[in-house]
Amino acid sequence: MRSHSICRSLAALLVAAACAAPAPASGEPSPSLSRAEALLAQGDYAEAEKVILGLQGGKERAAALLAKARIELLTGRYDDAAKTAKAAAALGKEARIAAAPLRAQALARRGKMAEAIAAVREVEREDEARRARLVLGELLIESGKRGEARAPLMTIIDDYNDDKITASDAEGLSLVGRAAHLLRSARDANDAFNAAEKVGGKQRIETLLWRAELFLDKYDPGHAGQVVKEALKLAPKDPLCRVAMARVKLESAMDFGGADSEVAQALSVNPNLAEAYFVRAGLALRDMDIDAADAAADRGLKVNPNDLALLSIKAAGRFLADDAAGFEAIKAKVLGLNPEFSRFFQIVGEFAEWEHRYDDIVKMMGEATQVDPNDAKAHATLGLNLIRAGDEKGGVLSLQKAWDKDRFNVRVFNTLNLYEKDIATQYVTVEGQTFRVRYHKQERAILERYVPRMLEEAWGSMVKRYGFTPKVPVSIELYASTENFSVRTSGLPNVGIQGVCFGQTLAALSPAAAEFNWGNVLWHELGHVFAIQLSKNHVPRWFTEGLSEYETIVRRPEWHREEDPALFAALKGGRIPAVDGFNRAFTHVDNIEDVTMAYFAASQIVVFMAGEFGFPKVVSMLPRWAAGKRTQEVVKESLGISAEELDRRFRAWLKPRLERYEKQYVPDLHAPPLDEARKAAARAPKDAKRLVELALALFEDGQRQEGEAVLAEALRVDPKQPDATYLKVRAAFAEKKPDEAARLLSKMIADGHDGYVVRMKLADLAELKKDAARMKANLEAASRLDPTQAEPLQGLYDLARRQKDAAGELSALRRLALLDQHDRRVWRRLLRLLVERGAWEEARKVGEGAIFVDVANPEIHRLYARALARTGRHVSAIYELNSALLAGPKQGDAAEIYGELAKAYAKMKRDDYAKQALEYQKTMKSASPPAPRAMPDY
């Protein structure tokens with residue numbers, strides 16, 4: 001799925017330009033003016049303004065007024081900035097040229113576009129008014145006059161081509177880069193920014209922010225983050241730098257907490273900053289908190305009632321609230337202000353995607369390409385979503401149009417390559433009545449024996465239990481490389497997931513791409529098809545994820561996540577939202593572990609509801625969401641209780657299931673955003689837990705030395721603080737100080753903080769000292785303290801294997817297979833041991849599960865076949881032996897498999913097949929045998 005993107009409109013970074021607006025040339029600035037500039041750079045805007053006030057009556061009056069206007073613009077006093085810039089403009093030609101873009105930006109920030117354009121038009125023809133012409137171009141684009149904007153923007157490009165902007169002019173080159181970006185020439189923009197950075201652009205905030213905007217526009221949050229960090233080093237309090245960092249945190253890591261912290265810092269400097277309210281509204285919409293999103297957008301619109309991006313995000317709220325009339329009214333207003341503003345549909349579409357409204361996105365992007373036929377991004381988004389909807393031919397055509405208009409869009413490039421090269425040559429699609437399945441050609445033979453069979457089982461089960469049949473055929477796409485899958489789902493090469501559902505189409509990794517349980521993933525994703533279609537794409541994210549997790553839990557016991565410790569820590573730490581706002585569990589996360597916990601927590605809510613009220617009532621919630629009802633109404637009508645009561649009863653149900661953790665130490669090493677952690681620690685300097693959180697935030701920010709000092713203070717305040725001591729334990733391990741680690745662990749136990757993690761660390765120490773007895777004792781203790789965790793069982797298995805303890809191996813593997821559903825070695829070794837011991841019925845059950853983990857392994861099929869044969873299931877045994885042949889066994893193994901097939905056919909009185917199998921066996925023993933081929937499955 002696409003990463004979170006909340007790009008502002010084209011005027012987004014105008015204030016950055018204002019911050020770098022040059023003072024008129026009048027010799028060297030006075031010490032006072034230099035001091036004011038230094039204070040301004042440090043972010044001490046109030047003190048800088050005081051110094052400037054003392055200069056307004058002297059010979060530097062013009063420079064002082066321009067500096068004052070910049071501060072007023074930066075801090076959100078837009079009316080004052082316009083007046084101050086107008087006063088400066090009366091003090092000579094140079095001041096007039098410098099003041100015009102400042103005044104225009106201030107007027108634009110208040111929605112006075114005609115006045116703003118007139119302000120820069122006054123100096124447009126002056127040779128040195130490049131910044132004014134850049135601002136004019138931005139304002140014309142913002143007003144829906146892109147064609148008219150080309151002329152002023154091209155004057156900047158022409159000045160570069162005519163050497164009026166030299167190779168040593170960092171400011172001029174930066175203006176060239178920004179102009180090229182606005183002219184939709186990304187490569188030229190990048191080249192200009194590169195040239196600017198070589199001659200001092202790295203010390204210019206506007207250059208860095210403009211460059212970050214280009215990177216974000218081209219799906220490169222990594223490089224955007226690097227340049228924004230450089231900008232923050234120069235101006236740590238600059239509100240636009242903070243908003244840029246908020247965007248980076250969302251694009252690169254979906255860090256909602258960090259983004260919200262950045263926005264708060266931006267608004268503390270400029271309480272009227274539209275970009276900050278846009279981000280804040282977006283954060284609320286991701287949580288489906290439409291009231292909060294409206295409040296944030298409205299706060300920004302009080303300053304500028306014509307802000308296109310804020311109006312667009314307000315329309316997104318109306319769309320998600322199913323307020324069609326409200327949505328159309330805002331759309332009409334936006335397109336009335338700017339008939340070319342195709343970005344409106346991009347903004348709404350991004351939030352529609354989060355809520356699974358894929359068909360709506362296709363319609364919106366169709367409109368976007370009509371509003372602005374040259375918007376390459378709109379064509380790209382249309383293409384990607386047509387493909388998601390199953391229209392691959394139409395999608396590729398739209399992507400080709402996008403590529404013709406923008407050769408710098410990495411998503412388009414990657415996706416076209418996937419379809420025109422890889423899919424066209426390496427994959428095959430098999431049409432069926434219910435499913436259309438895409439396989440890699442090399443995997444088709446083996447996967448076609450298992451994937452459709454499992455999908456049909458899941459389909460039949462879900463159709464019966466949901467009382468609903470989705471639209472068919474459902475497209476199932478299995479990709480044999482992580483890059484192919486990632487590009488198919490996001491356009492980027494590393495999406496970091498195993499499967500995704502687009503309502504009518506689902507894509508997943510195939511067994512060739514990674515070691516994982518393919519059965520679990522496909523069953524989970526197919527569950528989304530039912531939830532999304534039955535709710536008409538209105539199901540909340542938490543519910544559809546929880547429901548799909550529930551589906552896998554009830555299918556096979558080992559398809560259950562083991563996240564009890566993380567759930568306990570989140571519950572105790574107050575990080576599990578109420579049911580009505582549970583989407584926050586998926587958005588307000590700091591790392592992948594938090595996301596995993598969110599899936600598990602959502603599944604447990606569904607487990608509780610299904611057990612308490614019955615599964616039919618859980619299903620009855622979906623059509624109510626389809627009718628446009630909100631979660632509060634849905635819960636009340638389906639379950640007969642309020643959402644608040646559901647939340648209370650769920651937590652009461654959960655508490656005894658997590659009770660074992662109350663009596664042991666469970667780490668909660670959650671790092672809040674650094675700014676919030678500092679404030680919390682300052683409010684409670686004697687609270688050791690708050691100090692630990694600050695230390696963690698500092699570590700995460702790379703400030704190791706300060707973090708260590710804060711951690712030491714936490715232990716001084718409370719020498720028994722377990723998280724602080726545990727962090728010291730981890731540090732001792734990292735620094736290879738086992739004696740120090742042992743001392744600290746003993747102290748934790750003495751302090752009453754024994755627990756699973758403590759015993760695992762003690763087992764690690766015992767292994768370092770080659771003390772097998774102590775290692776085993778601590779692993780067993782860890783497993784008793786938390787039977788849901790696989791790690792101690794893995795350790796016990798390895799230990800038993802080294803000691804040639806067959807019974808110990810088998811005991812560990814039996815328990816491990818129920819916890820670790822993805823590890824092929826676990827299932828292979830367990831199945832092998834069971835077959836060796838003749839535990840045929842158990843081997844048969846394990847073999848069934850092993851197919852979902854290691855379907856391409858010939859040994860799995862052979863072992864499973866033996867168990868099937870020994871339990872009287874000869875037809876199934878033949879099927880598995882043929883699968884073993886299709887999985888590509890070695891020559892000697894293939895000969896043995898044919899021998900086993902001969903025996904199986906003989907059991908079934910098929911002497912003809914048995915004879916043929918023996919002939920194949922002889923062929924496989926020859927010097928140059930052919931590739932193994934399957935025989936009839938009987």
Side-chain angles (χ1 to χ4, degrees), residues 4-16 18 72-82 104-113 115-116 138-139 141-143 209 213 216 238-247 250 256 259-287 289-321 323 326-327 329-338 341 343-344 346-348 350-351:
H4 183 74
S5 174
I6 45 179
C7 295
R8 277 279 297 147
S9 58
L10 288 169
L13 296 175
L14 286 176
V15 173
E72 289 165 342
L73 193 54
L74 196 67
T75 55
R77 291 171 287 161
Y78 303 131
D79 291 340
D80 292 341
Q105 291 157 28
L107 290 166
R109 289 275 173 178
R110 295 287 280 143
K112 301 173 181 179
M113 295 298 286
E115 292 179 54
E138 295 204 45
L139 294 175
I141 290 170
E142 193 80 356
S143 302
L209 290 183
E213 178 79 6
L216 288 171
D238 187 300
L240 279 161
C241 290
R242 288 293 168 189
V243 171
M245 182 52 74
R247 292 175 57 195
L250 289 168
F256 278 59
D260 193 48
S261 176
E262 296 290 344
V263 166
Q265 292 179 73
L267 291 173
S268 70
V269 174
N270 182 346
N272 293 320
L273 189 60
E275 292 88 337
Y277 289 112
F278 183 84
V279 175
R280 181 165 280 179
L283 293 172
L285 278 188
R286 296 294 180 186
D287 294 332
D289 189 344
I290 294 172
D291 290 342
D294 277 343
D298 288 343
R299 176 61 182 81
L301 289 168
K302 279 183 66 178
V303 179
N304 177 4
N306 297 326
D307 187 284
L308 297 176
L310 286 173
L311 287 169
S312 299
I313 208 164
K314 196 164 175 67
R318 295 302 89 219
F319 172 80
L320 295 179
D323 178 4
F327 172 77
I330 298 176
K331 181 174 81 171
K333 179 174 182 178
V334 169
L335 296 180
L337 291 167
N338 180 347
F341 194 62
R343 178 67 187 141
F344 170 87
Q346 293 276 351
I347 291 170
V348 178
E350 289 178 13
F351 294 100

### Query
Looking only at heavy atoms, which two atoms of A106 and A82 are closest? And how far apart?
CB-N, 3.7 Å
### Task
In plain terms, say whether R109 and E275 are close enough for a salt bridge, that is, a side-chain N and a carboxylate O under 4.0 Å apart.
yes
### Message
With rounding to the nearest 0.5 angstrom, report the CG to CG distance, L240 to L273.
### Response
5.5 Å
### Message
So which atom in A246 and which in V263 form the shortest heavy-atom distance, rounded to 0.1 Å?
### Response
CB-CG2, 4.2 Å
### Task
Start with the C-alpha gap between D307 and F278, add the side-chain angles, then the distance that decides, and say whether side chain to side chain contact (heavy atoms under 4.5 Å, CB included) holds.
CA-CA 10 Å; D307 187 284; F278 183 84; 5.8 Å; no
### Message
Tell me the closest heavy-atom pair linking A116 and A108, and the distance in Å.
### Response
CB-N, 3.9 Å
### Task
Compare every heavy atom of A266 with every heavy atom of V243, then report the nearest pair and how far apart it is.
CG2-CB, 3.8 Å
#### Entry: Contacts of type salt bridge (Lys or Arg N to Asp or Glu O under 4.0 Å), residue R299, not counting sequence neighbours
none
### Task
Specify the closest pair of heavy atoms between L311 and P305, including all atoms of both residues, with the distance to one decimal.
CD1-O, 3.8 Å
### Task
Please round to the nearest 0.5 Å and tell me the distance separating atom CE of M113 and atom CG of L139.
4.5 Å
### N270 side chain reached by L74 side chain, heavy atoms, under 4.5 Å
no
### Message
If I take atom CD from residue E213 and atom CG from residue L216, how far apart are they, to the nearest 0.5 angstrom?
### Response
6.5 Å
### Message
For a 4.5 angstrom cut-off between non-hydrogen side-chain atoms, does R77 reach N272?
### Response
no
#### Entry: Distance, nearest 0.5 Å, that separates CD1 of I347 from CG of L308
8.5 Å
### Task
Mark yes or no for whether R110, through its side chain, and V303, through its backbone, hold a donor-acceptor pair below 3.5 Å.
yes
### Exam field: side chain Y78 to backbone N304, donor-acceptor pair closer than 3.5 Å
no
## Note on the structure
Residues G282 and I313: closest non-hydrogen pair is N-CD1, 3.4 Å
### salt bridge (Lys or Arg N to Asp or Glu O under 4.0 Å) partners of K112, counting only residues at least two apart
none
### Message
Restricting to salt bridge (Lys or Arg N to Asp or Glu O under 4.0 Å), what partner residues turn up for E262, sequence neighbours left out?
### Response
R242, K249
### Query
Roughly how far apart are K331 NZ and R318 CZ, rounded to 0.5 Å?
15.5 Å
### Message
Working to the nearest 0.5 angstrom, can you tell me the gap between L283 CG and D260 CG?
### Response
5.5 Å
### Message
Any side-chain to backbone donor/acceptor pair from D289 onto A284? Under 3.5 Å, distance only.
### Response
no
### Task
Using modelled atom types only, decide if a donor and an acceptor are shared between the side chain of Y277 and the backbone of P271 within a distance under 3.5 Å.
yes
